[in-house]
Amino acid sequence: MTANAASGPPPASEAPLPPARPGVDPLPAPVFILAPPRSFTSLICAMLGQHPALYGLPELNLFQCGTMAEFNTGRNPDGSVKSPFWATMRHGLLRVVAELYGGEQTIESVNMAERWLRQRVGMDAGAVYREVAARVAPLRVVDKSPGYLRNRLYLERIVETFPEARFIHLTRHPRGQCESVLKTKGGPAVLFTLNALDRSGPEPVLDPQILWHDSQVQVMNFLEPLPADRWIRVRGEDLLNDLDAGLGGLCRWLGIDDSPEAVAAMKRPEDSPYSGVGPVNARLGNDINFLKAPSLREGGVTVPSLDGPVSWRPDERGFHPWVDGLARDLGYT
Amino acid sequence: MTAAARAAAPASSALSPGLGPDCFHPLARGGFGDPLNAYAHSMEWFDGHLYVGTTRSNLCMMKVSRIHGTFDAWPVECPESLYDQDMHAQIWRLPAEALAGAGEDDPAPGWEPVYRAPDIVNAKGETLPRELGYRCMAVFQGRSDPRPALYVATYAPARGFGTHILRSLDGRAFETVPRPAGIDDGVITLRLLVAFKGRLFTAPTGRAGGAPNLAGQALVYATDDPLNGSWDVANEPAFGDASNLGVFEMAACGDWLYAGTGNLKGYQVWRTRAEGQPPFAWERVLVNGAHRGPTNQGVASLCAHRGHLYVGSGIQHGGIDPGNKVGPAGPELVRIHEDGTWDLIVGFSRDTPEGYKPALSGLLPGFGNFFAGYFWRMVSHDGWLYLGTFDWSLMLRFATQGRWPRRFHAAITKVGLNAVFAHQAGADLHRSADGENWLTVTRDGFGNPYNYGIRTLVSTPGGLAVGTVNPFAPKVAERLEGGGWAYRANPDGGAEVWLGRRP
């Protein structure tokens with residue numbers, strides 16, 4: 001509709017969007033959840049992301065890349081393939097771009113996101129991460145990309161990009177985590193590609209406790225030199241079995257509202273735009289089991305025991321002493 | 001706190017969902033039941049109604065003009081004399097309450113014909129419609145208007161008395177008001193009426209003799225009192241550059257009024273704050289078609305969105321201008337910032353005197369559609385920028401293939417004409433929230449390939465109104481299996497109006 005006086009303040013819907021290519025600061029410090037797969041990361045990331053001051057992301061996997069050329073091609077600078085699952089590991093970022101820049105996650109908006117990625121092929125992956133963070137600012141992004149634990153370099157890229165980032169070391173009992181990995185569609189293949197093989201016997205045995213152990217050590221070694229106020233360790237089972245205390249505690253640690261209203265919002269992970277299967281050209285971005293059933297379940301979480309044989313080994317051995325010791329250090333019995 | 005924090009966040013939570021394909025419903029089809037209403041050529045929201053001005057039987061007009069395509073068969077059946085059919089332009093309106101029921105009935109009930117062009121007797125004694133079309137509308141309140149009025153600019157017969165400007169206070173009674181003194185009877189059409197800082201602006205668009213888009217004078221006129229005809233020239237003729245052949249489009253953005261020209265070296269964009277007395281001080285923002293050259297021949301559309309001005313280009317006569325040997329070439333989209341700097345959004349990335357300009361959308365000209373002739377109309381609606389195109393692929397059906405350039409012929413043969421029609425025919429509508437990242441609403445004229453252009457887009461309180469051009473009526477040429485052509489009735493011919501709204 002034409003108006004006589006075209007000048008003057010624009011209506012609210014005409015307000016400029018945040019800059020597409022932001023400068024360096026200020027950006028609210030993101031929150032990264034560090035844990036191996038099947039450690040409640042999808043659920044807890046989505047719950048945190050429902051806090052009014054936070055924005056939960058699917059797995060972006062950006063810090064597995066130095067450049068967007070790496071991200072787009074799935075190849076390392078030396079030409080090697082990053083992961084046989086790289087095509088699906090791009091789904092998280094595709095869904096985020098589709099949602100943030102297109103307002104929807106559809107085949108069409110994911111195609112748009114692919115163009116968005118191509119436009120940034122010459123950029124550092126960290127710069128693109130900052131662009132995403134700026135897009136949702138003043139909300140703080142919450143990320144959980146278990147792939148970051150594959151390489152110390154990936155974790156160091158986080159602090160290079162976000163020196164003030166906060167980290168949540170999320171743990172799960174090794175028995176529950178290992179059994180869950182093995183039960184998950186594609187889980188054994190992931191274990192195989194991550195070399196979670198016990199070669200001490202005459203035949204290699206797929207043993208998920210290797211991944212559990214190495215992931216925890218990777219996280220602990222990474223966090224140890226950081227200032228103590230920058231990270232926190234949370235047992236996933238404790239959090240899920242007492243949500244009010246667990247979520248409230250995390251809010252206070254992050255310095256954000258811990259009111260009952262805020263905590264209530266966090267108990268609705270299914271409200272996240274990423275809590276569901278995406279369009280056919282970007283279906284995942286998160287654990288498929290979570291995507292199919294993202295709501296909190298009744299009844300809490302059972303904490304298993306470290307004692308006794310593990311179910312996945314044909315030799316009926318229990319946990320390796322290193323795993324047992326580390327798990328006890330983390331408070332499991 | 002939840003709501004407040006989310007509201008403060010300019011992220012996806014602040015990005016209202018745009019209008020996707022499922023959000024659009026037909027309000028009118030078949031030219032409001034009169035398929036000679038070929039173009040929904042002008043549209044405006046005024047006094048609680050959606051107004052649509054039509055232009056009649058454009059392809060038959062083209063047949064008798066000096067603009068000729070090379071066709072095996074003329075696309076539509078035309079009478080011996082153009083005026084053997086009803087060529088009186090019409091204005092229709094639909095009340096606001098009818099928009100709420102969009103999608104329930106097809107077409108929407110409640111359309112009211114409020115105006116039909118009167119007859120005139122020309123110098124030769126011929127009785128003709130005074131207007132063949134209504135090419136633009138604007139709501140404006142001049143000094144002598146007791147309240148905002150609907151102003152309408154006309155498309156007049158070449159053998160008539162030139163273009164007029166109509167005015168209505170009640171949307172039913174339309175009177176002519178004086179046109180600028182410099183606009184003589186040879187100027188048959190005005191394409192723009194733009195309100196800005198208390199003045200109404202216009203510019204001559206086309207002349208009789210086969211030049212509906214080139215008036216030959218790039219002059220801008222302004223008045224604060226159109227009822228009394230006190231028009232002033234608002235710019236230096238042709239902005240001091242004789243290569244500017246006309247001012248084709250104008251739009252306000254922030255504190256600036258922008259004007260886009262047609263220019264065989266590539267369009268120019270100028271702007272003024274329109275302060276003081278006319279003629280105003282203007283500054284040039286873009287030249288040489290944003291340094292693409294002749295294929296950015298004219299500015300077809302301008303639109304302000306989120307504080308920026310968007311510039312859509314086009315090549316006259318449907319994207320191919322054989323007279324000037326320009327085209328085909330897909331249109332480009334450029335964004336101008338308040339400080340006068342600019343971005344290329346859709347088009348060919350290139351070096352320019354202002355530095356390297358990558359196409360920020362990652363899209364080639366025409367949104368990658370080779371058959372896009374113009375970015376014809378844009379509108380900012382509910383936080384989204386919508387852009388409608390003209391798509392000439394349907395005309396291949398009637399074209400003389402032997403005259404096609406060899407490479408083009410080879411490409412079309414390889415793809416297959418039927419595949420082109422199936423996947424390309426019909427106008428495109430695209431949308432973007434930030435102006436850089438674009439989604440497609442339709443690529444097929446809302447499922448009707450005869451809707452080969454989207455000419456009008458108006459943001460209304462009831463949704464986004466879209467007007468199409470569809471001159472393929474009442475009978476369209478059809479190639480017979482045994483050779484030759486026949487004309488058959490086309491139930492899909494005639495302008496359409498669609499409404500996009502959230503469920």
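These numbers come from the heavy atoms of this one structure, side chains and all, not from hydrogens, waters or symmetry mates.
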Worksheet item: Of all residues at least two apart in sequence or in a different chain, which pass the salt bridge (Lys or Arg N to Asp or Glu O under 4.0 Å) check with A:Asp242?
Response: none
Practice prompt. Examine whether an atom of B:Ala251 lies under 4.5 Å from a heavy atom of chain A, and if so say whether it belongs to the side chain, the backbone or both; otherwise answer neither.
Written response: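 No part of B:Ala251 comes within 4.5 Å of chain A.
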Discussion item. Which atoms of B:Ser361 are under 4.5 Å from chain A, going by heavy atoms: the side chain, the backbone, both sets, or neither?
Written reply: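 Only the backbone of B:Ser361 comes within 4.5 Å of chain A.
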Worksheet item: What pairs with A:Ala282 under side chain to side chain contact (heavy atoms under 4.5 Å, CB included), at least two apart in sequence or on another chain?
Response: A:His91, A:Leu94, A:Arg95, A:Val110
Worksheet item: Any salt bridge between B:Arg167 and B:Asp145, counting N to O under 4.0 Å?
Response: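 A salt bridge links B:Arg167 with B:Asp145.
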Worksheet entry | Under 4.5 Å from any heavy atom of chain B - which part of A:Glu104 |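 For A:Glu104, the contact with chain B is made by the side chain alone.
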Worksheet item: Hey, is the main chain of B:Thr440 close enough, under 3.5 Å, to the side chain of B:Asp428 for a donor-acceptor pair?
Response: no
